[in-house]
Every structure is written in structure tokens, then in C-alpha cells.
Q: 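Below you will find the structure I want to go over with you.
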Amino acid sequence: MSLEKIRQVKSGKAFKIGDILIYAVLLTAVIAVFLAVYFTRGASPLSGIRISFAGETVYEYDFESGEERLDARYVAKLDGDTDTINVKITTDYGYNTVQINKGGSVKVTSADCGKLDCVYSGELKDNGGVIYCSPHRLKIEPYGYDIDNGDIIM
Amino acid sequence: MKFTKAVISAVLSGLMLLSGCSAKTYGVYTNIAEGFTVALKNYKTAEGLAATQTMGEPERAGSGNYKSVGKTFYGVMTADATVVVTDDFTDAETAENKFVRFTEEAEKLLTQINASLSVGEEQSSVSRFNGASAGETVEIDAVAYEVLETAMEMYEFTQGYYNPAIYYGAEMYGFYDWTKRPETSEELPSDAQVEAFRELSSHFGEVKLFKDEDKYYAVKPGAVCVRNGAEYSMKIDLGGIGKGYSADKISALMDEYGYKFGYFDFGSSSMICKNHYKNGNYTVGFRDPRSADGRAYFEVGVNNRAVSTSADDVKYYTLDNVRYCHIFNPVSGRPVTGEIMSASVIGASAVRGDALTTAIMAMGRQRAVQFVNEKITDEMIVFCCDEG
């Protein structure tokens with residue numbers, strides 16, 4: 001390569017405008033895919049949750065009114081604070097502790113069910129899914145959850 | 001400049017990976033002609049199966065106050081089963097009472113099947129067969145008779161690749177008691193052990209069934225296996241097709257109650273799809289067996305069919321980079337080790353579909369392609385392979 005060519009390369013810009021445009025388009029496309037996946041799931045914010053044991057409702061919380069109902073045979077209130085409610089559901093199959101964030105979310109914080117799928121399910125923030133503890137026959141279901149939306153994964 | 005470009009490329013590649021585009025590709029084999037999508041970029045449709053199968057037109061609900069209701073039945077054959085139906089609730093009390101009656105009957109049916117086929121219940125027909133001596137005649141109930149009859153038909157039809165008598169193999173590899181699974185390759189069963197129990201299971205076709213008045217009987221084959229001074233007679237596990245059998249019975253009950261809309265899901269491996277009240281078809285997705293995020297690699301519209309799936313990611317362990325899953329190849333006597341990762345069957349019968357998915361997993365790609373092209377005339381088949 002001649003010295004003249006090397007000087008030309010050195011004096012050139014780090015990125016040509018074409019490179020920058022291609023990267024910008026690619027980056028925008030990838031971000032758009034992410035946004036589409038995360039924000040078009042058709043779910044609504046939680047308005048309330050229902051916890052059932054073997055099909056029987058044992059606890060309910062309405063995020064809009066702040067009202068709760070519990071079946072004292074199975075559910076005990078634990079310490080909480082102004083933002084959270086903690087309940088422990090105990091049946092013959094074992095226990096699950098559930099934390100309700102009054103801002104509109106719910107999660108299982110601990111359980112003695114072995115696999116802990118319910119704990120690893122994470123936080124429920126909309127009515128698009130349920131938290132399920134199969135060994136304990138426990139289900140946390142949002143108000144307005146569509147049990148038959150036509151999509152099945154197996 | 002080169003460094004900056006490399007960083008940007010790495011970031012973009014990372015984002016692409018997170019979006020589901022992994023470098024490794026898998027082959028998807030299907031005989032479905034239309035109405036499906038290969039939903040992940042790292043899965044590619046592969047050549048091999050003739051595209052012969054199409055889905056019929058679904059039905060949608062007309063005017064009315066349609067509402068979906070469901071019930072889960074827990075701990076049936078070590079899994080949970082859920083039924084969901086959509087009905088016209090204009091007369092809510094009548095619709096609710098009908099659903100209660102339906103679920104009561106469904107529960108009774110599932111309990112009866114579980115009591116007959118369970119390998120854990122001492123008094124089940126299957127346990128009594130397993131506990132009997134070689135060559136002994138055992139009285140079984142009508143459920144076990146019907147399921148055993150189907151198992152024998154499918155054993156013949158799949159040339160032995162569906163075989164419920166691989167019980168000891170599954171036991172040796174720790175699939176009945178997870179705490180007993182081998183933790184190193186050295187702890188795996190020896191070739192001699194595997195071969196001895198494989199040979200015993202190969203006598204499954206010699207089981208004899210007969211009826212006498214209102215009673216049902218099975219005659220256990222006379223073959224035995226002797227290991228370390230102990231004599232073993234054949235044991236069977238019908239759980240693999242028991243879920244499909246249950247699904248077929250619940251499907252018939254749904255028809256009896258006039259439920260045209262809804263589904264029955266037994267452990268996410270056997271399913272009945274009627275019509276979806278709004279969409280007509282259900283969009284059924286088969287889970288990517290190489291990812292934990294639950295996304296489907298294949299989606300297809302289904303109505304009025306049974307759907308069965310077997311996959312090697314459900315119960316498995318890995319030793320020295322070899323995956324040992326709960327599905328067995330009866331011809332080798334060993335667990336299948338990952339050529340076909342997942343197999344699904346859509347057809348009229350869930351019990352038949354359950355046997356076929358297990359057999360296809362066991363056959364491996366080449367034999368499965370040949371089997372489907374030559375012998376399958378009515379079912380939709382989908383399977384995916386690690387192409388290496």
C-alpha cells in the first residue's frame with residue numbers, strides 16, 4: 001500500500017455515514033422486535049387476584065378497592081408493610097407464602113413443594129397468566145384471566 | 001475503528017441471540033400440507049415426509065352469552081389434568097349445573113382409570129399383572145383390558161418401537177426413583193444388564209388377553225430374566241398411553257354433554273382440542289425442547305382432534321455430554337439419546353397418538369421418516385431433530 005493511500009485512510013472518518021446508517025437501522029429493528037414482544041401481549045394490569053386450593057377459593061385481593069377475603073382454615077396473614085401483604089397458605093400438602101404488592105403484582109416467595117416452580121415463576125403483573133403450584137394444588141389467578149384464549153403450548 | 005465495529009457487531013449478535021436466533025439449527029419433519037408455521041428461526045423445515053395431511057374446517061360459536069369454565073383434576077397418573085369448556089351461559093344456572101355434573105363424571109372416570117393403570121397402587125390391574133409369576137393368568141378390569149389390547153396393537157403396528165414392557169430398563173436408569181439415577185457414566189447399567197432386560201421386554205407380543213363372561217384376563221408370558229440369582233418376570237407400565245386413553249374417554253364425555261367448544265389437557269402430553277368458540281381452530285404450539293423459555297418451535301391450527309407430544313426434555317439427565325431421557329428405545333433397551341428431540345401426533349385418537357409419539361422418538365430420524373411415509377395414513381406428524 002502506498003504512503004499516499006495510508007495517509008488517505010488515516011485522515012478518513014472512523015465511520016462512514018453509510019456504516020452508521022446500516023447500524024442505526026439494524027439497532028432500531030432489533031429494539032422494535034423487543035418492544036413488540038413485550039408490549040403487545042394483550043394483557044391488562046392486575047385488578048385483583050384469586051388464590052385457590054384444589055379449586056376452592058381461599059384468598060382474594062381486589063387492587064382497586066383494597067378489599068381482601070380469606071379462608072382462615074388455610075390462610076394466615078404474616079407481617080407486611082404499607083405497600084405489601086404477606087399471606088401463608090397451609091394445607092395438608094404443604095405451605096406457600098405469597099406476597100401481594102398493593103401497586104398491582106403478586107408472587108410466591110417461599111414454599112416447601114420441592115421443585116419450587118411457583119417461586120421461580122416470578123411476579124404476576126398482568127392478567128395474562130397464572131402462578132401454579134401443582135404439588136400443593138394451589139393456583140393464583142388474576143381477575144379477568146381468560147382460561148381459553150385459543151393458544152395452547154405443549 | 002475495527003474494535004468499535006467489533007463491539008457493535010457483538011452487541012447486535014447478542015441481541016439477535018436473545019431474540020431467538022441461535023447459531024444451532026434443528027430440522028423439522030412434518031407430513032402436514034398447510035396451516036402450520038415453523039415459529040423459531042433456528043428450526044428449519046427438512047425434506048423427507050410427504051405432505052399429505054390437512055385439517056378440516058372448525059366450528060365457531062353463534063350468538064349467545066358464551067363463557068369458558070374449567071376444572072383441574074390433581075395427581076392423576078402422577079400428573080394434573082385440566083378440562084375447559086365454553087358454553088352458552090344465557091341460562092347461567094342450567095349451564096353451571098351441567099358443568100358440575102360433567103366434571104363429577106369426568107373425575108369419576110379419571111379416578112377409575114388411575115386405579116386400574118397405576119403402577120404405584122398395589123391393587124391396580126397393572127400392579128397385579130406385574131406382581132404375578134411368569135405364565136400366570138391374572139384377572140384384570142375392563143379398563144386395563146382395553147388399554148392392553150391397544151398397547152398390543154400399537155406394539156405390532158410400530159414393529160416393537162412402542163413397548164410398555166421396558167419397565168426394568170426405566171427402573172435401572174433411575175426413572176422411577178429419581179434418587180437412584182446414575183450420577184456418573186460408570187454407574188450406568190452394564191451392557192449385560194441392559195441386554196437381559198431388553199430380551200425380557202421383547203416377549204411383550206406374547207401377552208394373551210381373553211374374556212370369560214363378564215370377566216377379563218391377561219396371561220403373562222412365560223419368559224424370565226435371571227440376574228444375580230434373582231428371577232424377574234415381565235413388568236409393564238401403561239402410563240405412557242394411559243393419559244391418551246383418558247383423553248379419549250373425556251372427549252367422548254364432552255360429546256355426550258354436547259360441549260363443542262373447549263379442550264382437555266392431560267399433563268401437557270395428551271390433549272383433546274374441540275373447537276375454539278371465537279377462533280375456530282386452537283393454535284397448538286409444540287415447545288422448543290432445547291430452550292427453557294417455553295416458546296413453541298412449531299404452531300398449527302387444530303380442531304376436533306387429539307394431540308400427543310413426547311419430548312426428551314421432560315425428565316432427563318446428562319452424563320459426559322450424553323442426554324438420557326425417560327423415553328426408551330425398546331430395540332436397544334436404552335434411553336433415546338437425542339436424535340429426535342420431540343415428536344407430536346395429531347389425529348382422531350389420543351391413545352394411538354401417545355403410542356406413536358413414543359415409537360417415533362425411539363425410531364430415530366431415518367426409520368421414523370420411512371415409517372411415517374409407509375404406514376401413517378390418517379395422522380398429522382411433526383418431529384424435530386438435532387441434525388448434528
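The chains referred to below are lettered A, B, ... by the order of the sequence lines, with proteins before strands, and numbering in each begins at 1.
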Q: How about residues 299-315 of chain B versus chain A: which residues have heavy atoms under 4.5 Å apart?
A: B/Val307, B/Ser308, B/Thr309
Q: Among A/Ile89, A/Ile100, A/Val130, A/Val98, which residue satisfies the side chain to side chain contact (heavy atoms under 4.5 Å, CB included) criterion with A/Ile140?
A: A/Val98
Q: Which answer fits B/Val284, side chain, backbone, both or neither, if we ask what part of it has an atom under 4.5 Å from a heavy atom of chain A?
A: both
Q: Keeping the roles fixed (side chain from A/Asp112, backbone from A/Tyr95), state whether a donor-acceptor pair exists under 3.5 Å.
A: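 Looks like yes, one N/O pair under 3.5 Å.
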Q: Select one option (side chain, backbone, both, neither) describing which atoms of A/Tyr93 are under 4.5 Å from chain B's heavy atoms.
A: neither
Q: Tell me whether B/Asp177 at atom CG has more than 12 heavy atoms from other residues, nucleotides or ligands lying less than 6.0 Å away.
A: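 Count over threshold, so yes.
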Q: Is it the case that the side chain of A/Lys139 and the backbone of A/Ile131 share a donor-acceptor pair, with hydrogens and angles ignored and the cut-off at 3.5 Å?
A: no
Q: Which residues in residues 259-270 of chain B have a heavy atom less than 4.5 Å from any heavy atom of chain A?
A: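 The residues closer than 4.5 Å to chain A, in numerical order, are B/Gly262, B/Tyr263, B/Ser268, B/Ser269, B/Ser270.
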Q: Could you tell me whether B/Glu59 and B/Lys274 make a salt bridge, using a distance below 4.0 angstrom between a side-chain N and a carboxylate O?
A: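 No, B/Glu59 and B/Lys274 are not salt-bridged.
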Q: Return the orientation label for the B/Phe298 and B/Phe286 ring planes: parallel under 30°, perpendicular over 60°, tilted otherwise.
A: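 The arrangement is parallel - the two ring planes meet at less than 30°.
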Q: Salt bridge (charged side-chain N to carboxylate O under 4.0 Å, His left out) with B/Arg181: which residues, sequence neighbours excluded?
A: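 Once residues adjacent in sequence are excluded, B/Arg181 has no partner under the salt bridge (charged side-chain N to carboxylate O under 4.0 Å, His left out) criterion.
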Q: Quick one: does any side-chain atom of B/Asn281 pair with a main-chain N or O of B/Thr283 as donor and acceptor, under 3.5 Å?
A: no
Q: Partners of A/Glu60 by side chain to side chain contact (heavy atoms under 4.5 Å, CB included), sequence neighbours excluded?
A: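 Testing A/Glu60 for side chain to side chain contact (heavy atoms under 4.5 Å, CB included), a comparison that skips the adjacent residues, returns A/Arg50, A/Thr57, A/Arg69, A/Tyr143.
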Q: Quick one: sort the A/Tyr61 and A/Phe63 rings into parallel, tilted or perpendicular, breaks at 30° and 60°.
A: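 Aromatic pair A/Tyr61/A/Phe63 classed perpendicular.
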